[in-house]
Every structure is written in structure tokens, then in C-alpha cells.
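Below: the structure, in C-alpha cells.
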Amino acid sequence: MTVVTWQSGCSACHLRAFGLCQAVQDSRGAACLQSVRHPARFYPPGRTVFAQGSQNVPLHNVLSGWLFSYQLLPDGRRQILQFLLPGDIAGLEPEGAAGITHGLETLSEAVLCAIPRDGFHRLCARCPAVTERCRWMMARDVTLLFERLATLGRRMARERVVHLLMELAVRSSRTTQFADGTRLRMPLTQPIMADALGLTAIHINRVLRELRHEESWSSTTRR
């Protein structure tokens with residue numbers, strides 16, 4: 001796998017405003033963070049960052065781009081678990097003998113900053129606020145996963161699609177300023193949405209066509 005190193009120091013990182021490293025405020029903590037992390041790396045679209053079952057997976061800070069975590073079933077079927085945007089973290093779960101329970105893949109060009117597990121433990125010991133910030137982010141992710149569970153279990157196809165798009169739009173507001181008429185480009189394909197929502201790509205296509213038709217009709221009536 002070929003990746004490009006992204007040279008950027010912790011002190012200038014935009015994630016210090018809202019990501020995991022927001023908790024690192026003093027110079028001592030920043031120096032510790034700088035010493036334990038790997039240089040940030042650029043990944044092209046469609047690249048596997050780590051595979052399901054991998055061992056010793058570091059914690060990954062998403063600096064830019066869109067990614068998704070997933071699980072593969074024995075017959076090759078894939079369930080997308082979560083979409084990751086700038087400021088999110090990946091790889092934060094205990095590893096058993098079989099390795100990490102999910103994989104991570106890029107949807108768009110992405111830049112990730114990796115912190116090895118032993119280095120992360122040293123950072124938490126040096127800067128306890130990182131542990132609290134990590135707990136908060138994990139609780140937020142659990143809330144999103146509860147919503148995804150409700151989507152897969154009870155929401156109709158149209159509700160599933162709209163809820164996912166609204167979730168991603170709200171989460172994108174951390175790094176994008178929206179105004180009336182703003183258009184948000186999402187690097188989602190219909191098969192990707194199908195794997196996230198438990199539908200077929202054909203069903204996703206039908207729902208999106210219906211939504212576009214309704215939007216077109218609504219725009220015409222407002223004129």
C-alpha cells in the first residue's frame with residue numbers, strides 16, 4: 001500500500017478545536033501528543049486503512065475526508081457500521097485474539113493521524129482530559145449507533161435514506177458553514193448507502209428518484 005506522509009504539527013492542527021485532541025491544551029500535553037503520534041498520512045479513495053481482524057490497530061484521527069467502518073459476514077456480505085468525518089476517531093475498541101472486529105475504508109481522499117495504542121495510553125496518563133474527551137466521543141458514537149439500530153429495525157426505506165442524509169449533513173456542519181441554498185457534496189454511492197441501510201441499491205435508487213421528483217415539484221410550486 002502506498003500512502004503519502006502529510007507534514008503538519010499538532011500545534012497547527014484544526015482538530016484541536018473540536019476533535020479528540022481538543023482536550024490537549026497545555027504545552028506539556030501537546031509535546032506528549034507530538035511524541036506519540038505518527039506523521040499524518042494521505043489515503044486515496046477506496047483504500048483499506050485496516051481490515052477486519054487486524055492486530056495492534058492504532059487509534060486514527062480523521063483530519064480530512066470521509067470514511068466508513070464495516071463488518072464482513074463469512075459469505076462476503078458487508079454491513080457498513082458508521083460513516084466517519086473530520087474530527088472522528090477510528091480503531092478505538094479492545095482487541096481480542098481474532099483482532100479488531102471491523103474494518104475501515106476511505107470513501108474520498110482522506111488524511112489520517114495514527115496514534116499507536118501504547119502511545120495513546122501514555123498520552124491519557126499524561127493528560128487525563130484526553131480520557132474524558134474520549135469517553136464523551138464514545139458516548140456520542142453510541143447514540144448514533146442507537147439511531148442506526150432504530151433505522152435498520154423499524155424505519156421504512158424512505159425514512160432510512162432521509163435520516164442518514166440528515167445525520168451526515170448535521171455532522172458535516174462541524175467543518176462546513178451552511179447558508180440558505182448551500183449544497184453539500186457527499187461521496188456516497190447507491191451501493192454504499194445500501195450496505196449502510198440494509199436495502200438494495202435498486203431500492204435506494206427508487207427512493208432517491210422520488211425525493212428528487214418531490215424537490216423539483218416543490219421548487220416549481222414556490223415560483
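Position 1 is the first residue of the sequence; numbering continues from there.
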* Enter the distance from Gln82:CD to Leu104:CG here, rounded to the nearest 0.5 Å. => 9.5 Å

* Please step through side-chain contact (heavy atoms from CB on, under 4.5 Å) for the pair Ile115 and Asn61, ending with a clear verdict. => CA-CA 8 Å; Ile115 304 176; Asn61 266 325; 4.2 Å; yes

* Asked: Between Arg133 and Gln22, is any side-chain donor less than 3.5 angstrom from a side-chain acceptor?
  -> yes

* Any donor-acceptor N or O pair under 3.5 Å, side chains His102, Glu93 -> yes

* Asked: Got a donor-acceptor contact below 3.5 angstrom from the Thr189 side chain to the Ile192 backbone?
  -> yes

* Stepwise side-chain contact (heavy atoms from CB on, under 4.5 Å) test for Ser69 and Phe83 -> CA-CA 7 Å; Ser69 59; Phe83 291 99; over 6 Å; no

* Thr106 side chain vs Gly46 backbone, donor-acceptor pair below 3.5 Å -> yes

* **Within-4.5 Å side-chain heavy-atom neighbours: Leu112 and Tyr43** => yes

* Asked: Rounded to the nearest 0.5 Å, how far apart are CE of Met166 and CG of Leu168?
  -> 10.5 Å

* **Smallest separation among heavy atoms of Ser54 and Ala51, with atom names** => OG-O, 2.6 Å

* How far apart are the C-alpha atoms of Gln71 and Leu81, what are their side-chain angles, what is the distance that settles it, and do they pass the side-chain contact (heavy atoms from CB on, under 4.5 Å) test? -> CA-CA 7 Å; Gln71 280 193 353; Leu81 305 173; 3.8 Å; yes

* Asked: Under 4.5 Å between side-chain heavy atoms, hopping through other hydrophobics if needed: is there a path connecting Leu107 to Leu144?
  -> no

* Considering only heavy atoms from C-beta outward, does the side chain of Thr131 approach that of Cys124 to under 4.5 Å? -> yes

* Asked: With a 4.5 Å limit on heavy-atom distance, are the side chains of His213 and Glu210 in contact?
  -> no

* Asked: Would you say Arg160's side chain and Leu152's backbone share a donor-acceptor pair under 3.5 angstrom?
  -> yes

* If you take all heavy atoms of Val111 and Ala40, which pair is closest and at what distance? -> CG1-CB, 3.9 Å

* Given side chains that start at C-beta, do those of Thr200 and His203 come closer than 4.5 Å, heavy atoms only? -> yes

* Okay, side chain of Arg117, backbone of Val57: is any donor-acceptor separation there less than 3.5 Å? -> yes

* To do: Taking Gln79 for its side chain and Asp195 for its backbone only, find out whether a donor-acceptor pair lies under 3.5 Å.
  => yes

* Minimum side-chain heavy-atom gap Leu164-Leu197 below 4.5 Å -> yes

* To do: Can you measure from CG (Leu59) to CG (Leu92) and round to the nearest 0.5 angstrom?
  => 5.5 Å

* Under 4.0 Å between a Lys/Arg side-chain N and an Asp/Glu carboxylate O for Glu167 and Arg148? -> yes

* Structure fact -> Closest non-hydrogen contact found for Pro86 with Gly65 is CD-O, 3.3 Å

* Asked: Does one hydrophobic cluster hold both Leu149 and Leu199, with members joined at side-chain heavy-atom distances below 4.5 Å?
  -> no

* Asked: Could you state the interatomic distance from CD (Glu109) to OG (Ser64), rounded to the nearest 0.5 Å?
  -> 8.5 Å

* Minimum heavy-atom distance between Cys32 and Ser35, given as atom pair plus value -> O-OG, 2.7 Å

* Asked: For Ile202, does the CD1 atom have more than 12 heavy-atom neighbours from other residues, nucleotides or ligands under 6.0 Å away?
  -> no

* Does a side-chain heavy-atom distance below 4.5 Å link Ser172 with Trp66? -> yes

* To do: Could you state whether Leu184 and Ile204 fall into the same hydrophobic cluster, counting links through intermediate Ile, Leu, Val, Met, Phe, Trp or Tyr residues with side-chain heavy atoms under 4.5 angstrom apart?
  => yes

* Are side-chain heavy atoms of Arg171 and Asp88 found at a separation under 4.5 Å? -> yes

* Asked: Is any side-chain heavy atom of His60 less than 4.5 Å from a side-chain heavy atom of Ile89?
  -> no

* Contact summary for Leu165 and Met186, nearest pair of heavy atoms -> O-CE, 3.5 Å

* **Verify same cluster id: Met138, Phe68 (apolar side-chain graph, 4.5 Å)** => no

* To do: Assess the side chains of Gln52 and Thr101: does a donor N or O sit below 3.5 Å from an acceptor N or O?
  => no

* Do Glu214 side-chain atoms and Leu211 backbone N/O form a donor-acceptor pair below 3.5 Å? -> no

* Asked: Met193, Tyr70: one ILVMFWY side-chain cluster at the under-4.5 Å cut-off?
  -> yes

* **Expected output: side-chain Asp75 to main-chain Arg77 donor-acceptor under 3.5 Å** => yes

* Stepwise side-chain contact (heavy atoms from CB on, under 4.5 Å) check, Asp118 with Val36 -> CA-CA 9 Å; Asp118 57 347; Val36 300; over 6 Å; no

* To do: Rounded to the nearest 0.5 Å, what's the gap from OG1 on Thr151 to NE2 on His163? Could you check?
  => 5.0 Å

* Exercise: identify the closest heavy-atom pair between Gly87 and Met137 -> O-CE, 3.2 Å

* Glu147 with Arg155: basic N within carboxylate O range, under 4.0 Å -> yes

